[in-house]
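Read the numbers this way: they start at 1 and go in the same order the structure lists the ligands and their atoms.
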Amino acid sequence: MSDLAATDRTIVAEPLDAAAFAPWGDVIDATGDSFPINGGMCDRFHNQARMEFTEGGTAGISVGYGRPYPLPLNFNLVERHPLGSQAFMPLSEDPFLVVVAPDENGRPGRPRAFITKPGQGVNYIRNVWHGVLTPLGRPGAFTIVDRVGGTGNNLEEFRYDAEWTIVPMK
Ligand SMILES: NC(=O)N[C@@H](O)C(=O)O
Ligand code: NI
């Protein structure tokens, strides 16, 4: 039996905000502090992610081609990677949905949902509960930077006892 009434299981997606997202990870984008490189032909927005790869793992770069999910979105699955961080950088200007949840004694609490601005990516720091890659509107490719190799299990999944419904902001 769910622990919350159905009305309490609606989550309004918020615009992604670096300060609000900080307990779970980093926002990656071409805003904020930068310095010129290549003779001033490029501005480098430097070292934006708190990456970590443990138990012999190293950083790997992959590409995920994600299919879109609808909004409102019903879901009950979140996951975390105990041995490494994980970053998603869209190869398009399309926004995507970012779902995170606090850890409450080893179980995820109430999720929080954010929608990225065009060109924004995210880095989940190690061992934070998050939803799977969730493109919106149309399929999209994403660069994924996360742990490859090493030992141990780097994926822990959790299904809530009842679904949550994510709705867009009015
Ligand atoms: N497995 C994988 O590459 N992606 C998931 O961890 C995810 O967060 O979508
Ligand atoms: Ni993940």
- Does ligand 1 have any atom that is closer than 4.0 Å to a heavy atom of Phe88? yes

- Distance flag, aromatic centroids of Phe96 and Phe142, threshold under 6.0 Å: yes

- Angle, OE1 of Gln86 through the Ni ion (ligand 2) to NE2 of His130 - 10° precision: 100°

- Of all N/O/S atoms in Glu79, the name of the one nearest the Ni ion (ligand 2): OE2

- Give the single entry among His130, Arg80, Glu157, Gln86 that approaches atom 2 (C) of ligand 1 most closely by any heavy atom. Gln86

- Does atom CG of Asn38 have more than 12 heavy-atom neighbours from other groups under 6.0 Å away? yes

- If you measure from CG on Asn123 to CZ on Arg50, what distance do you get to the nearest 0.5 Å? 7.5 Å

- Item | Flag, side chain of Ser85 to backbone of Glu52, donor-acceptor distance under 3.5 Å | yes

- Task: Report, in ascending order of atom number, the atoms of ligand 1 lying under 4.0 Å from any heavy atom of His81.
- Result: 6 (O)

- Query: Going by the order shown, which atoms of ligand 1 are within less than 4.0 Å of some heavy atom of Glu79?
  - Reply: 5 (C), 6 (O), 7 (C), 8 (O)

- Message: Any carboxylate oxygen within less than 4.0 angstrom of a Lys/Arg side-chain nitrogen, looking at Lys117 and Asp29?
- Response: no

- Leu133: numbered ligand 1 atoms lying under 4.0 Å from its heavy atoms: 7 (C), 9 (O)

- Item | Atom name, His81 (N, O or S, nearest to the Ni ion (ligand 2)) | NE2

- Answer yes or no: is there a side-chain heavy-atom contact under 4.5 Å between Leu73 and Thr134? yes

